[in-house]
**Q** 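The structure under discussion is supplied below as structure tokens; questions concerning it will follow.
Numbers for residues simply follow the sequence, beginning at 1.
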Amino acid sequence: MALKPDGEGTALRVSSTGAGAGLGRRVARDELLLVLALSLGASAVSALISFTGVLTRPGGLGDHAANLNSSRAPDRPWLDLAWQLFGIATALVPVLLVAHFLSQERGLSQEPALAREGGLRPGAGGLRVIGFDAARPRFDLAWGAVVAAGIGGSGLMLYLGAHAAGASLTVVPESLPEVWWKFPVLILSAIQNSVVEEVIVVGFLLLRLERLGWSPTGALVGSAVLRGTYHLYQGIGGFFGNVAMGVIFVWLYRRWGRVMPLVVAHALIDIVAFVGYALLAGRVDWLPTA
């Protein structure tokens with residue numbers, strides 16, 4: 001292992017060739033596998049098993065439902081609220097693990113497209129490396145809203161079409177009781193989903209795949225297919241719709257160098273889906289219900 005002075009006069013860093021590079025790739029691989037095993041990788045396996053179970057049951061996909069935000073104790077609202085908040089909080093732990101891993105690094109390598117103004121900052125640590133910060137709030141909110149409007153509308157049309165064609169389960173975004181905390185919990189759940197998915201499956205995954213030597217195209221495909229796979233519980237339509245969303249989000253991330261607009265977009269899409277379903281289910285005839 002070759003060591004070189006880092007120019008500071010005190011610390012040493014590992015050379016980017018030979019054994020040092022091999023060690024860096026092993027660490028990157030282990031960190032990525034650990035994060036995925038605790039989060040979206042496990043969700044992908046679970047969704048694949050669930051989808052297999054649906055395919056082997058009598059009836060078509062449209063005869064089955066995928067329940068997202070459901071009650072854990074419908075007859076005891078305060079206990080139910082405790083379970084909801086516990087689930088949201090623990091789902092964010094892998095994001096904290098990502099922040100820890102990234103905080104150990106400085107001067108991260110970056111793809112050329114991410115080096116544009118507003119992109120990754122060499123020497124930045126933690127989640128700022130992938131643009132998960134409040135440095136550009138107007139940019140993040142404005143572009144997040146634009147992306148949400150485009151993808152949310154087309155996604156709804158795709159879901160309705162896939163459900164009508166029998167290629168999608170009936171997605172039930174929420175089945176919480178009518179209590180005072182219902183809508184705040186749905187909004188928190190939407191934000192949690194967006195943070196976990198965009199930080200891990202876009203920002204962190206692309207950084208680690210780059211370090212492992214994946215090509216930009218290979219990393220894009222890997223991220224998009226992973227996103228589609230952990231949505232397989234929704235059916236074939238959910239898989240392909242989320243693969244398409246994954247391709248768009250990776251392209252936007254490489255253009256902007258920030259995951260925050262994607263987090264905003266994803267949160268808005270899910271908030272509209274969760275709250276909209278709660279307000280419209282059973283009141284309009286075009287929305288599938290279980």
**Q** So, do Glu197 and Phe249 sit near enough that their side-chain heavy atoms are less than 4.5 Å apart?
**A**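 The answer is no, as the side chains (C-beta and beyond) never meet within the 4.5 Å cut-off.
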**Q** Determine yes or no for a side-chain-to-main-chain donor-acceptor pair under 3.5 angstrom, with Ser223 supplying the side chain and Ala219 the backbone.
**A**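 No, Ser223 side chain to Ala219 backbone: no donor-acceptor pair under 3.5 Å.
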**Q** Check Glu198 with Arg258, please: is the shortest side-chain N to carboxylate O separation under 4.0 Å?
**A**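 Here Arg258 does not pair with Glu198 in a salt bridge, since their nearest N and O are not under 4.0 Å apart.
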**Q** Same cluster or not: Tyr253 versus Val146, using hydrophobic residues (I, L, V, M, F, W, Y) connected whenever any side-chain heavy atoms lie under 4.5 Å apart?
**A**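 Yes, Tyr253 and Val146 fall within the same hydrophobic cluster.
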**Q** Please check this pair: side chain of Thr52 against backbone of Leu48, looking for a donor-acceptor N/O pair closer than 3.5 Å.
**A**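 The answer is yes, because a donor-acceptor pair under 3.5 Å joins these two groups.
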**Q** Can you say whether the rings of Trp143 and Phe139 are parallel (under 30°), tilted (30 to 60°) or perpendicular (over 60°)?
**A**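 Aromatic pair Trp143/Phe139 classed tilted.
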**Q** With distance as the sole test, does Ser43 use its side chain to make a donor-acceptor pair with the main-chain N or O of Ser39 at under 3.5 Å?
**A**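 Here the side-chain-to-backbone pair exists.
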**Q** Check the orientation of Trp180 and Trp78. Use parallel for under 30°, tilted for 30 to 60°, and perpendicular for over 60°.
**A**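 Trp180 and Trp78: tilted rings.
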**Q** Quick one: do Leu38 and Val201 end up in the same hydrophobic cluster if we chain Ile, Leu, Val, Met, Phe, Trp and Tyr together by side-chain heavy atoms under 4.5 Å apart?
**A**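 Yes, because Leu38 and Val201 connect within a single hydrophobic cluster, where side-chain heavy atoms sit under 4.5 Å apart.
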**Q** Check whether Thr90 reaches the backbone of Phe86 with its side chain - one donor and one acceptor, N or O, closer than 3.5 Å.
**A**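 A pair under 3.5 Å: yes.
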**Q** Say whether Leu169 and Tyr277 are linked into one hydrophobic cluster, either directly or through other cluster members, by side-chain heavy-atom distances under 4.5 angstrom.
**A**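 No, Leu169 and Tyr277 fall in different hydrophobic clusters.
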**Q** For the atom pair CG (Leu81) and NZ (Lys182), what is the distance rounded to the nearest 0.5 Å?
**A**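 It is 14.0 Å, given to the nearest 0.5 Å.
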**Q** Between Ser168 (side chain) and Gly235 (backbone), is there a donor-acceptor pair under 3.5 Å?
**A**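 No.
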**Q** Working to the nearest 0.5 angstrom, can you tell me the gap between His266 NE2 and Ile191 CD1?
**A**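 Rounded to the nearest 0.5 Å, the NE2-CD1 separation comes to 11.5 Å.
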**Q** Would you say Leu33 ends up clustered with Phe101 if hydrophobic residues are merged whenever their side chains have heavy atoms under 4.5 Å apart, either directly or through other cluster members?
**A**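 No: no chain of side-chain contacts under 4.5 Å links Phe101 to Leu33.
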**Q** Any donor-acceptor pair under 3.5 Å linking the side chain of Gln104 with the backbone of Gly126?
**A**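 No, because the side chain of Gln104 does not come within donor-acceptor range (under 3.5 Å) of the backbone of Gly126.
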**Q** So, do Asp133 and Leu127 sit near enough that their side-chain heavy atoms are less than 4.5 Å apart?
**A**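 The answer is no, as the side chains (C-beta and beyond) never meet within the 4.5 Å cut-off.
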**Q** Any chain of hydrophobic side-chain contacts (each under 4.5 Å) joining Phe240 to Leu158?
**A**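 No, separate clusters.
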